[in-house]
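Treat the numbers as computed from the prediction; the structure is a model and nothing was measured. Chain naming here is simple, since letters A, B, ... match the order of the sequence lines and numbering starts at 1 in each.
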Amino acid sequence: MTILTRDFFARPTLTVARELLGCHLVREVDGQRLVGRIVETEAYIGPDDTACHASKGRTPRTEVMFGPAGYTYVYVIYGMYHMLNLTTEQVGFPAAVLIRAIEPLAGIEAMQVRRQKTNHSLVNAVNLTNGPGKLCQALGVDKGLNKWDIVAGQKLWLETGNNISNADVATGPRIGIGYAAPQDQMAPWRFWARGNRFVSK
DNA sequence: ACGCTGATGAAG
DNA sequence: TTCATCAGCGTT
């Protein structure tokens with residue numbers, strides 16, 4: 001396995017979102033290694049994409065998206081859940097890929113413990129990481145990991161996995177962006193592994 | 001179908 | 001300083 005470099009992320013966001021499918025998301029925490037295969041992503045692309053937080057301008061929250069590619073953008077939604085995004089493109093062009101679902105590969109019991117802390121009951125493997133908030137719970141990703149350099153190979157990084165062929169990649173509109181302009185709601189900027197049971201509901 | 005929950009940023 | 005808004009989840 002090879003760690004993905006900054007060059008990988010410093011490309012058009014749709015390309016990065018597509019090619020992240022099949023890659024391994026690796027989290028090292030409390031001496032354990034948690035690994036999941038990315039099966040669902042969404043692209044948020046620049047100042048003209050009204051679904052992208054950065055379209056409102058540069059704020060303390062969105063600042064990291066304006067910087068170099070290969071950093072995390074982690075924020076809280078609905079007061080309780082964290083979202084993990086990876087910055088893309090060039091400095092000054094704000095964009096990122098949201099990781100929406102992963103297929104757990106290693107450290108599943110540790111993921112279950114972390115999910116159980118908030119969920120209060122045992123979570124089966126399918127429901128462990130099949131959503132952007134769920135996977136952050138399972139991997140212990142919170143705002144402490146915001147603006148984290150993901151190409152340094154510490155705490156959180158990405159590795160090449162088994163590529164997913166074009167025939168097995170599906171695309172469609174992004175989830176939960178009803179506030180965005182109609183054309184942005186319609187844009188097919190969500191990518192997922194067709195038929196994979198770990199894709200979000 | 002609904003309630004939970006608090007960070008965020010814009011308005012005042 | 002209030003206020004509306006929200007890239008979701010879990011239970012009903």
Figure out the OH/C1' separation between A:Tyr78 and C:dA7, and round it to whole Å.
8 Å
Atom pair distance, as rounded to whole Å: CD1 in A:Ile177 and P in C:dG8:
10 Å
Starting the side chain at C-beta, find the nucleotide from C:dC9, C:dG8, C:dA7 nearest to A:Met80.
C:dG8
For A:Gln137 and for A:Gly176, find the nucleotide of DNA chain C with the closest heavy atom, then tell me which residue's nucleotide is more 5'.
A:Gly176
Donor-acceptor under 3.5 Å (A:Thr129 side chain, A:Ile102 main chain)
yes
Are more than 12 heavy atoms, taken from residues, nucleotides or ligands other than A:Asn124, located less than 6.0 Å from that residue's CG atom?
yes
Quick check: on DNA chain B, is the nucleotide nearest A:Tyr81 upstream (toward 5') of the one nearest A:Arg61, or the reverse? Name the residue that is more 5'.
A:Tyr81
Measure from NZ or CZ of A:Arg190 to the centre of the six-membered ring of A:Trp192, then state whether that distance is under 6.0 Å and the direction lies within 45° of the axis.
yes
Going by a 90° cut-off around 0, is C:dA7 syn or anti?
syn
Taking side chain to side chain donor-acceptor pair (under 3.5 Å) as the criterion, tell me which of A:Thr41, A:Thr13, A:Asn166 meets it with A:Arg18.
A:Asn166
Nt span of DNA chain B in reach of chain A heavy atoms at under 4.0 Å, 5' end first, is B:dC4 to B:dG9
Classify A:Asn85 by what it touches in the nucleic acid, base, sugar-phosphate, or nothing, heavy-atom distance under 4.0 Å.
base
Can you check the A:Gln116 CD to C:dC9 C1' distance for me, whole Å?
16 Å
Do the side chain of A:Arg114 and the main chain of A:Met111 share a donor and acceptor less than 3.5 angstrom apart?
no
Once hydrogens and angles are ignored, does a donor-acceptor distance under 3.5 Å link the base of C:dA7 to the side chain of A:Tyr75?
yes
Polar-atom pairs under 3.5 Å, protein N or O versus N or O of nucleotides 1-4 of chain C: list them with distances, or write none.
none

Can you check whether A:Ala106's main-chain N or O pairs, donor with acceptor, with A:Arg33's side chain at less than 3.5 Å?
no
Mind calculating the distance between CZ (A:Arg174) and P (C:dC6) to the nearest angstrom?
14 Å
Between C1' of C:dA7 and CE of A:Met65, the distance in whole Å:
10 Å
Within the supplied structure, the quantity of interest is the number of heavy atoms (other residues, nucleotides, ligands) at a distance under 6.0 Å from A:Gln183 CD; does it exceed 12?
yes
Could you give me the CA-CA distance, side-chain angles and deciding distance for A:Tyr75 and A:Tyr73, then say whether ring pair (Phe, Tyr, Trp, His ring centres under 6.0 Å) is met?
CA-CA 7 Å; A:Tyr75 69 94; A:Tyr73 167 42; 5.1 Å; yes
For DNA chain B, produce a single dot-bracket line, 5' to 3'. Pairs: Watson-Crick or G-U wobble, both distances under 3.5 Å. Symbols: ( ) within strand, [ ] crossing, | other strand, . unpaired.
||||.||||||.
Are the side chain of A:Arg174 and the backbone of A:Asp184 linked by a donor-acceptor contact shorter than 3.5 Å?
yes
Can you see if the side chain of A:Arg190 gets near the phosphate of C:dA7 - specifically, an N or O under 4.0 Å from OP1 or OP2?
no
How close or far is atom P of C:dA7 from atom CD of A:Glu40, stated in whole angstroms?
15 Å
Mind checking if A:Gly79 touches a base, just sugar-phosphate, or nothing, with heavy atoms under 4.0 Å?
base
Main chain of A:Ala69, side chain of A:Thr88: is a donor-acceptor contact present, judged purely on distance under 3.5 Å?
no
So, A:Glu42 and A:Arg100, do they make that salt bridge, N to O below 4.0 Å?
yes
Figure out the CD1/C1' separation between A:Ile77 and C:dG10, and round it to whole Å.
17 Å
Does A:Leu98 reach a base, just sugar-phosphate, or nothing at all? Heavy atoms under 4.0 Å.
base
Rounded off to whole Å, could you give me the CZ-to-C1' distance for the A:Arg114 and C:dC9 pair?
19 Å
Option among A:Arg37, A:His24, A:Arg197 that satisfies the side chain to side chain donor-acceptor pair (under 3.5 Å) test with A:Glu103
A:Arg37
C:dG10 OP1/OP2 closer than 4.0 Å to side-chain N/O of A:Asn119:
yes
Inspect the contact between A:Glu19 and A:Arg11 and indicate whether a charged nitrogen and a carboxylate oxygen are less than 4.0 angstrom apart.
yes
